[in-house]
**Q** 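After the structure tokens below, expect a handful of questions from me.
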Amino acid sequence: MTVTEIGKALTGNRLYDGEVVFLTRTGIWSETIDAAAVALEPLSQAALEKRGEAAVANNQVTEAYLIDVERRNGRVRAQHIRERIRALGPTVRQDLGKQSDGTGGGFAAHA
Amino acid sequence: MYRYDEFDHRFVAERVAQFRDQAERRLSGELTEEEFKPLRLMNGLYLQLHAYMLRVAIPYGTLSARQMRRLADVADKYDRGYGHFTTRQNIQYNWIKLEETANLLAELSEVEMHAIQTSGNCIRNVTTDHWAGAAADELADPRPVAELLRQWSTLHPEFSFLPRKFKIAVTGAPNDRAAVKVHDIGLRMHANDKGEHGWEVIVGGGLGRTPLIGFTVRNFLPEADLLTYLEAIMRVYNLHGRRDNKYKARIKILVHELGEENFRAEVEAEFNRQTKLDVEVEQHELERISAYFAAPDFEVLPKRSADYEIAFARNPDFAQWVRSNIAAHRRDGYAIVNISLKPEGGIPGDATSDQMRSIADLADRFSFDEIRVSHHQNLVLPHVKQDDLYKVWKVLRANDLATANIGAAGDIIACPGLDYCTLATARSIPIAQTISRRFADLNRQHEIGPLRINISGCINACGHHHVGHIGILGLEKKGVEYYQITLGGSSATDASIGTILGPGFSGDEVPDAIETIVKTYLDVRKGGDETFLDVIRRAGHAPFKEALYAPAQRQ
């Protein structure tokens with residue numbers, strides 16, 4: 001049975017190269033959205049935000065913000081098309097970005 | 001073209017060293033993002049959706065072959081093997097790393113290029129007619145004045161913290177190809193009754209969320225007064241422009257709020273108050289700059305070339321390309337070659353590093369080492385002998401650069417949109433691609449005639465949709481993209497802002513909507529000489545609205 005979890009994930013761009021990253025459950029910034037920690041409750045979402053503020057202060061990412069996501073069968077779909085494009089790369093050049101180097105995840109822009 | 005002197009070289013090298021230090025301090029954590037962001041933006045470095053993006057200045061869109069080759073090398077070494085030519089005659093790289101940017105800038109400085117003032121609330125890259133110095137209709141080459149403005153405005157302490165960004169365009173021809181009426185300041189050279197050249201100064205045009213056509217604040221300004229007068233305009237703007245609301249901070253809003261007469265009175269008062277001694281254009285300085293833009297060593301040639309005529313008669317593909325992409329040159333026996341960066345289904349304005357190198361080689365061999373970038377996101381070889389056109393075409397065709405669609409339906413302007421840009425609300429490139437495929441038949445494009453389709457992925461209008469004959473604006477509602485269509489815009493001499501046709505369309509529906517609009521035009525026009533824009537101006541929106549929306553309403 002498919003279980004869909006609806007919550008929030010924390011994302012940002014890595015300082016030194018601008019790469020899109022997502023905070024995982026183990027506190028590592030991953031390039032793959034499917035590895036993102038999905039916070040289901042307001043309390044855990046607030047905790048994620050705190051981690052984001054710390055990562056900005058530590059100069060790991062330039063900015064960190066929560067995005068609406070749902071996890072389906074281990075894959076994470078961002079609700080907004082903008083974030084689905086960030087998670088994969090430009091829809092017009094599938095030879096570029098995460099979708100081309102194996103770090104892509106989540107769902108296509110129109111999925 | 002302009003060459004750096006010792007001062008320019010030192011200045012740009014110092015700037016690279018300064019940025020290297022700033023970037024290192026940011027990476028070490030000494031600077032916060034809040035502190036660093038304005039510094040990187042003043043050096044053209046943005047953070048976009050997937051990576052940093054660097055916008056490199058191409059002053060007034062003029063490049064040498066050596067510079068183009070360096071742009072190609074940068075694309076290979078620091079990016080993903082391509083670059084994106086923009087509607088401001090610049091180039092953008094989409095996959096830049098902060099830690100490598102200073103090295104990249106150092107490599108650009110070796111070929112007299114930089115990214116200074118390609119962002120931020122300052123005077124941006126001065127743009128001009130991409131046929132400058134070559135066009136048959138030109139009064140004088142506007143680039144010496146554009147270069148003068150570049151030198152005057154670069155790091156000008158008084159104008160480095162303006163209320164908002166500031167864009168200046170210059171044209172030396174009666175047919176406006178520089179969109180001077182939709183810039184913060186547009187300068188148009190023209191002649192008075194005595195045959196003397198002077199400048200019409202147009203202020204307060206612009207696109208974005210409040211599109212406006214500029215008004216003429218001075219009809220005929222002597223060249224010697226140019227910088228003094230521009231300083232007066234900048235001072236009035238700097239003093240009275242709004243800083244409380246970024247959406248009302250452009251000079252067009254100030255002109256609108258003060259009223260044209262009050263704005264003019266303020267500028268004239270400031271102009272008359274100045275001593276003029278400090279910034280009056282010294283003739284010898286302008287002559288020094290002008291010498292860099294002296295016409296190349298053109299040969300004396302007959303008006304028509306026999307080789308060219310034979311190739312034109314024998315090869316229909318070449319003939320089609322000539323009719324579409326070649327413009328009249330001021331010198332007999334020469335031609336302006338417009339290189340379309342809009343192949344069928346391609347990404348408007350994108351060029352691979354190999355394409356850049358092939359164009360650099362062509363410029364070396366056939367165009368006096370000159371290349372231009374147009375604000376339509378195409379490239380230009382400005383001075384090609386008619387004798388060489390067939391050879392040039394064959395090389396371009398081998399590099400997928402010979403699409404015969406300049407000024408036609410396939411020659412679409414599109415911003416990067418939501419595929420790359422943080423500000424975008426919708427994608428623009430896929431819309432351009434589907435329309436380009438829909439109108440792929442070049443014979444049909446030429447049957448339709450001049451048609452400018454411009455697409456922006458948000459209200460900031462980098463894709464100039466307001467001045468497209470057909471404008472497409474990508475918006476978003478609850479995470480879903482949709483597109484608004486405007487009709488009747490133009491950035492040419494007869495500039496106008498397009499107006500919204502009706503309710504928007506989904507991305508999938510847009511190509512059919514454009515098809516319907518074009519079919520309606522073909523039905524309504526009075527012969528092939530009546531262009532799309534002529535029909536809009538004669539018949540208004542009604543026939544297009546009827547064709548697009550009435551069938552759905554009747555269902």
Side-chain angles (χ1 to χ4, degrees), chain A residues 6 8 11-22 29 31-33 52-65 67-70 77-101 103-111, chain B residues 23 25-34 36-37 40 45-54 79-82 84 94-101 345-348 350 414 416-434 457 476 478-481 507-508:
Chain A
I6 296 174
K8 292 186 189 291
T11 185
N13 289 74
R14 203 158 56 200
L15 172 64
Y16 68 88
D17 64 355
E19 180 76 40
V20 175
V21 286
F22 304 89
W29 288 94
E31 295 178 11
T32 308
I33 192 171
E53 287 165 18
V56 170
N58 291 333
N59 305 300
Q60 291 174 285
V61 293
T62 58
E63 180 194 13
Y65 58 95
I67 56 172
D68 292 322
V69 296
E70 53 187 53
R77 179 183 186 275
Q79 298 283 15
H80 200 283
I81 183 172
R82 176 185 192 271
E83 296 303 329
R84 293 200 294 282
I85 291 173
R86 280 182 81 242
L88 279 170
T91 64
V92 292
R93 286 289 304 267
Q94 298 196 358
D95 58 326
L96 297 175
K98 296 172 184 297
Q99 60 204 342
S100 69
D101 65 14
T103 57
F107 290 73
H110 271 301
Chain B
R25 286 193 286 147
R26 174 70 189 109
L27 289 165
S28 73
E30 202 180 319
L31 292 178
T32 65
E33 187 61 21
E34 196 182 352
F36 181 64
K37 189 175 174 183
R40 69 168 158 78
L45 189 66
Y46 289 73
L47 183 60
Q48 294 287 31
L49 289 185
H50 312 294
Y52 291 93
M53 178 274 277
L54 184 72
D79 204 86
R80 308 284 167 93
Y82 73 105
H84 176 74
N94 291 305
W95 303 90
I96 298 302
K97 296 176 177 167
L98 173 60
E99 57 184 357
E100 295 179 344
T101 306
I347 297 178
D350 275 13
L418 191 56
D419 279 297
Y420 290 99
C421 178
T422 52
L423 298 175
T425 42
R427 288 172 296 163
S428 38
I429 297 169
I431 302 297
Q433 290 175 308
T434 49
E476 176 247 316
K478 294 181 181 165
V480 178
E481 300 159 298
D508 291 340

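Letters go in sequence order (proteins before strands), and every chain restarts at 1.
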**Q** Heavy-atom distances under 4.5 Å only: say whether B:Q48 touches chain A with side chain, backbone, both or neither.
**A**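 The backbone, not the side chain.
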
**Q** With only heavy atoms counted, which part of B:T422 is less than 4.5 Å from chain A, the side chain, the backbone, both or neither?
**A** both

**Q** Taking the side chain as everything from C-beta on, heavy atoms only, tell me whether A:H110 gets closer than 4.5 Å to B:E481.
**A**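 With C-beta onward as the side chain, the pair touches.
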
**Q** Given that the side chain runs from C-beta out, which part of B:Y420 has a heavy atom under 4.5 Å from chain A: side chain, backbone, both or neither?
**A**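 Contact with chain A is through the side chain of B:Y420 alone.
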
**Q** Which one, A:D95, A:L15, A:L96, leads in non-hydrogen pairs under 4.5 Å with chain B?
**A** A:L15

**Q** So which part of B:L49 gets closer than 4.5 Å to some heavy atom of chain A, the side chain, the backbone, both or neither?
**A** both

**Q** Let me confirm one number: the CZ-OH distance from B:R26 to A:Y16, rounded to the nearest 0.5 Å.
**A**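 Rounded to the nearest 0.5 Å, the CZ-OH separation comes out at 14.0 Å.
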
**Q** Name all residues meeting the ring-ring contact (aromatic ring centres under 6.0 Å, His included) criterion together with B:H84; count only those two or more places apart in sequence or in a different chain, and write none if there are none.
**A**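 Residues passing ring-ring contact (aromatic ring centres under 6.0 Å, His included) with B:H84: none at all.
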
**Q** Could you report the tightest heavy-atom contact between B:Y52 and A:T62, atom names first, then the distance?
**A**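 Nearest heavy atoms, B:Y52 then A:T62: OH-CG2, 3.7 Å.
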
**Q** Sort B:E476 into side chain, backbone, both or neither according to what part of it lies under 4.5 angstrom from a heavy atom of chain A.
**A** side chain

**Q** Checking B:L47 against chain A: side chain, backbone, both or neither under 4.5 Å from a heavy atom?
**A** side chain

**Q** Can you list, pair by pair, the side-chain donor-acceptor contacts under 3.5 Å of residues 85-92 of chain A, counting residues two or more places apart and other chains?
**A**
unit_1: A:R86; atom_1: NH1; unit_2: A:T11; atom_2: OG1; d: 3.0
unit_1: A:R86; atom_1: NH1; unit_2: A:Y65; atom_2: OH; d: 3.1
unit_1: A:R86; atom_1: NH1; unit_2: A:E83; atom_2: OE1; d: 2.7
unit_1: A:R86; atom_1: NH2; unit_2: A:T11; atom_2: OG1; d: 3.4
unit_1: A:R86; atom_1: NH2; unit_2: A:G12; atom_2: O; d: 3.2
unit_1: A:R86; atom_1: NH2; unit_2: A:N13; atom_2: OD1; d: 3.1
unit_1: A:T91; atom_1: OG1; unit_2: B:D419; atom_2: OD1; d: 2.6
unit_1: A:T91; atom_1: OG1; unit_2: B:D419; atom_2: OD2; d: 3.4
unit_1: A:T91; atom_1: OG1; unit_2: B:R427; atom_2: NH1; d: 3.1

**Q** May I ask you to establish whether A:R93 and B:Y82 are in a cation-pi arrangement, using a distance under 6.0 Å from NZ or CZ to the six-membered ring centre and at most 45° from the ring axis?
**A** yes

**Q** If you count heavy-atom pairs under 4.5 Å between each of B:K37, B:E34, B:H50, B:E33 and chain A, which one has the most?
**A**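 Option with the top pair count is B:H50.
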
